[in-house]
Structure formats: structure tokens, C-alpha cells
Amino acid sequence: MSQLETEVLGALRVALSDIIAKSVYQLGLSWSKVDTHRMGPGDGSRLLAELEKGIRIYARDPAKRDACVRRLTELLKDGAAPRAEPDRRLVVSVDEESDIVTARGMGRDLCRELGFSMSVQVKVATAISELARNIVQYAGRGRITITALLNGRRGIEITAYDEGPGIPNMDEILNRKYRSTRGMGMGLVGTRNLMDEFEVRTGPREGTVIRVRKYLS
Amino acid sequence: MTETFRIPIIKLKDNLIVSIQGSLGDRLVIQLKEDITSAIERGGVRGLVIDLSGIDVMDSFISRAIRDIGLVARLMGVRAVISGMEPMVAMTLVEMGMGLESVKAALNLEAALDMLARDAPRPLEGFGGKGRG
Ligand SMILES: Nc1ncnc2c1ncn2[C@@H]1O[C@H](COP(=O)(O)OP(=O)(O)OP(=O)(O)O)[C@@H](O)[C@H]1O
Ligand SMILES: [Mg+2]
């Protein structure tokens, strides 16, 4: 980490603990879940507006307060402002039924760790379950990658790969004209309904790649 | 572990109670269908509760399995009720467009048992029910 980033993080930590300490004192709230040591460089600019509000509310000395806001703004706007945080990616190989549970558990944990809402957690886990089950049922083996999109629009991307027989009647399936013999025939349509983006590449020689995304906002 | 595990079926008076936890695979679903139908066949069963409070992710495969079990039970003269579905799971199913309309639902196990007791038809002669009127 650069000198500047260290300094920014230091300033953020001090400002944040100060605000939190005062909030706890004044509002009697439990902030035990806030872990300032897990903040990354990119969090600064996102927190700036909130920090400013907090500092304005809780800092009693106006001169110090303004200096603090100015210093934070400078530090965050220059060097360390939205610096790319690497996207986090998990890969799970899917060969048998038990891998379905593993894959969706990992997706859920990742969402939880990133602070995504319960509803996003369940939707992501469900989509992973559908895609992984299709791999096991129709292609035999394959893999799923789960990526946390942390730059730009935040969200989760799931990609399911296999080298199975491909899906020749994709249009029919997505237009709900298809009758499944093994399930409700709702896996792919349901997944598309749950997610914000849904893309398929499939063919008899290349297998199937399905990529879906769920954004936070 | 999954080789020998099967989902336990509890008989309580004239109801069967099944609690589904975690994940179901092909094998467990087939086994469960068999176990339920043979328990019904043995007689004395008028209601079936499938409790889903232990399920945190319900995909379309599991939905279909549950719907099928409910339909099979119904064809065998047993009323089926699902209970305890987590709110997030319910919302996700609706958003996916998955229909479980064919199965009755209750908030929790207790409500499901109340429901079965309340709408119980008059017991048939020799059907194992304790006569009630
Ligand atoms: N990865 C895959 N490779 C080959 N064929 C697939 C794959 N995924 C899906 N399919 C085909 O597409 C059909 C529709 O899949 P979908 O998941 O929508 O429904 P289903 O698996 O039949 O039932 P459900 O998911 O509701 O249990 C499947 O029946 C299967 O024929
Ligand atoms: Mg499917």
C-alpha cells in the first residue's frame, strides 16, 4: 500500500471510530459489527458523504470539523479515490450432486461477506443451484465461477461452463414452450427472472456457457 | 454419508410429517417418494405435512419433487400441506415464476397440523381413524 493510501486509511479509521464512538454514546446503538480494519482503499470515496455527515453532526469544534472534512476530501479525491479493487473470483468444479450444495454455499458466503442483502444472497444461491444442477444432470461435469463485481456497478456474476451436449432448443425453453421430463422446466427461465443479465452460448460441439449477473442497484 | 441417509418420516396420530433439510438429490427424492407412498399404503394416514423450514435454497428441482409428492399423496386420498417456508425462499420462488399452487401451505408445522385437523373429512369406516361424530 502506498504512503498516501496508508494515510487515507489512517484518517478514515480515526474519523470513523470517532463518529462511531460518539454514535454509540449518544444513541446507545450497538455498532459492534463495524470493523474498520477491513476497509479497503476503494471504500473511502464511497464513505465520504456519510463521513461528512457524521463529522458535521458529531464534531463539536467547528474549526477542527472543517479541517477534518477538508483533509478527508483532499486525500480521497486525489490519490486513493476510486482505485480499482480486484474483482474476487471463486471457481468450483461441478461433477456430482454434492457439488451443487458446495457451489451455492460459496456463492452465498461471498455475498454475505460483501454485505449483500439476504434477498440477493438467496437469489444468487438459487441461480447457482439451478445452473449447477443442470451441469450435473445434462452435461455430467463442468465448473462454475462466482465473481464479485466490485468496480463500477457492484454485483455478482455467475458463469456455468460445461462441455456437454449443448442446448439445441434454447429459444423454446426461454419462451416457455418446452416441457421438461426431469424437472419443472423452470430452471433456466426462473434463473433469468431472478437475475438482471442472462447470456447463453451453446452448441453441440462446444458445450454450454451461461453467464448471469445480479446487480446491487 | 449420503449413500445411506434417508429422510425420516414421522407418524403422529393419523398424519405423516416429513422435514426436509438442506438439499435433495435425485436419489433422496426417489427414496422419499417410495417411503411416503408405502407409509400411506400401510393405512391410517389422512394427512401429510412437508416441513420446509430447514430449506434455505429451493431450486426448481426441489419444488417439483415437493409438488409431485403432494400430488401423489392426494391421489392416494391423503391431504398434503407444506409448512415453514422461509420468507426469502417464498419470494424467490414467486420471482422465478414457479407454481406450487397445487399444494396447500401453512405458516409452520403447528398451523399445518391445525389445518389438517380442522378440515378433516369424517373418517371412513375401517380407515384407521378414531371416529369423531
Ligand atoms: N448444461 C446443459 N447442457 C445440456 N442441456 C441442458 C443444460 N442445461 C439445461 N439443458 C436442457 O435444457 C432443458 C431446460 O433446462 P431447465 O433447467 O430450464 O429445466 P429442467 O432442468 O428440465 O427442469 P428444472 O430445472 O425445472 O428441474 C433441460 O431439460 C435440458 O434438456
Ligand atoms: Mg434444470
Side-chain angles (χ1 to χ4, degrees), chain A residues 94-109 111-112 116-138 140 158 160 173-176 178-196 198 212 214, chain B residues 1-7 19-34 50 52-74 80 82 84-103 105:
Chain A
V94 177
D95 305 313
E96 55 182 25
E97 249 160 29
S98 63
D99 296 329
I100 301 171
V101 183
T102 310
R104 73 185 188 211
M106 285 170 78
R108 199 186 184 136
D109 288 348
C111 288
R112 191 182 295 139
F116 294 177
S117 70
M118 275 291 285
S119 102
V120 170
Q121 288 174 32
V122 175
K123 283 171 193 167
V124 165
T126 307
I128 294 174
S129 195
E130 296 292 356
L131 298 176
R133 202 182 292 275
N134 281 354
I135 291 178
V136 174
Q137 286 185 330
Y138 308 115
I158 305 152
I173 291 166
L174 293 181
N175 293 320
R176 306 198 50 181
Y178 167 78
R179 286 224 163 269
S180 171
T181 50
R182 282 192 81 168
M184 293 239 221
M186 283 299 296
L188 292 175
V189 175
T191 302
R192 189 185 54 179
N193 291 345
L194 284 182
M195 299 284 112
D196 298 319
F198 181 96
V212 300
K214 183 80 193 164
Chain B
M1 182 191 90
T2 48
E3 297 316 319
T4 50
F5 175 75
R6 60 214 275 177
I7 297 168
S19 168
I20 297 179
Q21 315 271 336
S23 164
L24 291 182
D26 276 329
R27 193 196 58 81
L28 267 183
V29 167
I30 293 166
Q31 182 75 60
L32 182 62
K33 280 183 191 163
E34 277 175 21
I50 305 171
L52 304 176
S53 55
I55 286 195
D56 55 358
V57 174
M58 196 154 148
D59 62 16
S60 56
F61 173 81
I62 298 178
S63 303
R64 169 163 165 160
I66 286 162
R67 186 194 62 182
D68 286 358
I69 291 170
L71 291 175
V72 169
R74 195 154 83 196
I82 56 175
M85 192 187 287
E86 293 258 346
M88 289 298 174
V89 172
M91 283 197 281
T92 305
L93 285 188
V94 170
E95 237 176 89
M96 290 177 87
M98 213 120 65
L100 271 179
E101 295 89 350
S102 56
V103 193

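Chain letters run A, B, ... following the sequence lines, proteins first, then strands; residues in each count from 1.
- For chain B, the option among A/Ser98, A/Ala127, A/Ser119 with the highest count of heavy-atom pairs below 4.5 Å is A/Ser119.
- Between B/Met88 and A/Gln121 the shortest side-chain heavy-atom distance does not fall below 4.5 Å.
- Looking at B/Leu93, there are no atoms closer than 4.5 Å to chain A (heavy atoms on both sides), in backbone or side chain.
- At a threshold of 4.5 Å between non-hydrogen side-chain atoms, the residues A/Lys123 and B/Thr92 count as touching.
- Closest of all the heavy-atom pairs between B/Val57 and A/Ala125 is CG2-CB, 3.6 Å.
- When heavy atoms are compared at a cutoff of 4.5 Å, A/Arg108 approaches chain B solely by way of its side chain, counted from C-beta outward.
- Contacts of B/Met91 with chain A are absent, with no heavy-atom separation under 4.5 Å from either backbone or side chain.
- The candidate from B/Val89, B/Ile62, B/Asp59 with the greatest count of non-hydrogen atom pairs under 4.5 Å with chain A is B/Asp59.
- Within 6.0 Å of atom CZ in A/Arg176, 12 or fewer heavy atoms from other residues, nucleotides or ligands are found, so the atom counts as exposed in its surroundings.
- Of the inter-residue distances, the one linking A/Thr126 atom OG1 with B/Glu95 atom CD reads 10.0 Å to the nearest 0.5 angstrom.
- Shortest non-hydrogen contact noted between B/Asp26 and A/Glu97 is N-OE2, 2.9 Å.
- With a threshold of 4.5 angstrom between heavy atoms, B/Asp68 does not approach chain A through any atom at all.
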